[in-house]
Number of protein chains: 2
Amino acid sequence: MNIPLYLLGFLSRCGPQHGYRLKRLIAEMTADAADIKLPTVYYHLDKLQLQGHVTGSKSQEGKRPERSVYSITETGRKALQDMLAEALQFDYRPKFEADAVFFFIDSISKDVLVTTLNRYRERLEAVLAQLDDDREEGAAVPDMQSREMTEVVFSHYRHHYLAEVSWLSDTIDRLVAKGSRIPS
Amino acid sequence: MNIPLYLLGFLSRCGPQHGYRLKRLIAEMTADAADIKLPTVYYHLDKLQLQGHVTGSKSQEGKRPERSVYSITETGRKALQDMLAEALQFDYRPKFEADAVFFFIDSISKDVLVTTLNRYRERLEAVLAQLDDDREEGAAVPDMQSREMTEVVFSHYRHHYLAEVSWLSDTIDRLVAKGSRIPS
DNA sequence: TCCAATATAGTCAGTACTGATTAATCAGCA
DNA sequence: TGCTGATTAATCAGTACTGACTATATTGGA
């Protein structure tokens, strides 16, 4: 997910942050397109610190355990530019986890498969509806720039969910057609 | 990628195998849809052995280092059925690694972005062409059952690559339209 | 027949990631 | 005011994965 890019990017845009706040910032600003787990955030902040791309200033307040505010450094800004250039390579390599099933359907009845796929299609259509709701909500993202780009990202998901539905329809048709030719 | 499902599935279908052979079997039979790395294969075979789903019989031939032939056990076949049922849940959650760029384009000129996206589209179209070639090749997969299902999987990739191209076109149009309204 | 290249079979050490847990603070309300 | 549940902030121990490496066997050609 190119996590360091998100971390440096938002540290640069929003100024010094605690790891925890940074994680939430990213989730909010990207409308959850990037939901990075908290331990993962700290893992990468540590690495970035070793590389000198961020500095963490520890500070003790009262009896609280130590906590750090992370800031991007000058070399961090350089690294950010490099990462952006790298990300511009745009390499799409999807993995369809569930496709394994198709290699072993001989142990599944065709009826069950078709029924399951139909249910899957219903769920996908629900996700699409949800996605449109979230888009409306994403319209609440503060700055203009981010909002427009959030639209681009939403559209990205939308296209692929539609593709999934379309493939599903084809596949169901194919299975049903085959079933009618060779009725079991 | 549900690797244990592939391992048990092909051990079941093709009989006892060395880890190495199993890996290649899977690559061939799935026309590379599942390219599992060799150390990953052994990692999961070890786990499956601990769980009792496969047995590995060590055998020394000549001066060769020890090597194991793995077989699926009865509990392994049970586990395989469970995994198939689980995989039938069909959960599609795409992650678009490169989308991070869109949240930081303010530091990139629009011209560069549009040029880059156009180049990306060209590359995608090449991949689509390659995909069709591979499909032809996949037609050489031995048994009928596998071949048909390989078609389904190819069609899956095809739909999503087409979606990617279609999203790209929309996005480029959007960027260009915006650029013409507010010429920099 | 000897050698280089390739195929076969596997290990190891390190990277990336995350579920579960800890620990203090704060807001609401009985 | 004292208790409860949510929020803020972070760590730890474990899982999953893989690049780089080791070692033998086989094969095609000079």
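Treat the numbers as computed from the prediction; the structure is a model and nothing was measured. Residue numbering restarts at 1 for every chain, and letters A, B, ... go by the order of the sequence lines.
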Should the heavy atoms of other residues, nucleotides or ligands under 6.0 Å from NZ of A:Lys95 be counted, would the total exceed 12? yes
If the plane angle is over 60° it's perpendicular, under 30° parallel, otherwise tilted; pick one for A:Phe96 and B:His160. tilted
Check this for me: does any side-chain nitrogen of one of B:Arg123 and A:Asp91 sit under 4.0 Å from a carboxylate oxygen of the other? no
Which listed nucleotide (D:dC17, D:dA10, D:dT11) is nearest to the side chain of A:Ser68? D:dA10
C:dA16 phosphate, OP1 or OP2: any side-chain N/O from A:Tyr43 under 4.0 angstrom? yes
Measure from CG on B:Leu22 to P on C:dT8 and round the result to the nearest Å. 14 Å
Separation of A:Asn2 atom CG from C:dC17 atom C1', in whole Å? 15 Å
A:Lys23 NZ - D:dT11 P separation (whole Å): 16 Å
Minimum-distance nucleotide (side-chain atoms of A:Tyr20 versus C:dA7, C:dC17, D:dA10): D:dA10
Taking for each residue the nucleotide of DNA chain C bearing the nearest heavy atom, is the 5' side occupied by B:Arg24 or by B:Pro39? B:Arg24
Interatomic distance where CZ belongs to A:Arg21 and P belongs to D:dA10 [whole Å]: 12 Å
Looking at every strand, decide which applies to B:Lys47 at a 4.0 Å heavy-atom threshold: base, sugar-phosphate, or nothing. sugar-phosphate
Backbone N/O of A:Ile172 and side chain of A:Arg121: donor-acceptor pair under 3.5 Å: no
Out of the candidates B:Asp99, B:Asp170, B:Thr171, only one should pair with A:His156 under the side chain to side chain donor-acceptor pair (under 3.5 Å) rule; please name it. B:Asp99
Contact list please: residues 49-56 of chain B against DNA chain D, heavy atoms, distance less than 4.0 Å, in numerical order. none
Please determine, by modelled atom types, if B:Tyr120 and B:Glu164 share a side-chain donor-acceptor pair under 3.5 angstrom. yes
Quick one: A:Leu45 CG to D:dT11 C1', roughly how many Å, whole number? 14 Å
Ignoring backbone atoms, test whether A:His44 places a side-chain nitrogen or oxygen under 4.0 Å from the OP1 or OP2 oxygen of C:dC17. yes
Between atom CG in A:Leu38 and atom P in C:dT22, what is the gap in whole Å? 17 Å
Within this structure, what is the CG-to-C1' distance between A:Asp35 and C:dC17, rounded to whole angstrom? 13 Å
Tell me: NZ of B:Lys37 to C1' of C:dT11, nearest whole Å? 18 Å
Please test B:Phe104 against A:Phe10 for ring-ring contact (aromatic ring centres under 6.0 Å, His included), starting from the C-alpha separation and ending with a verdict. CA-CA 9 Å; B:Phe104 305 112; A:Phe10 281 103; 5.2 Å; yes
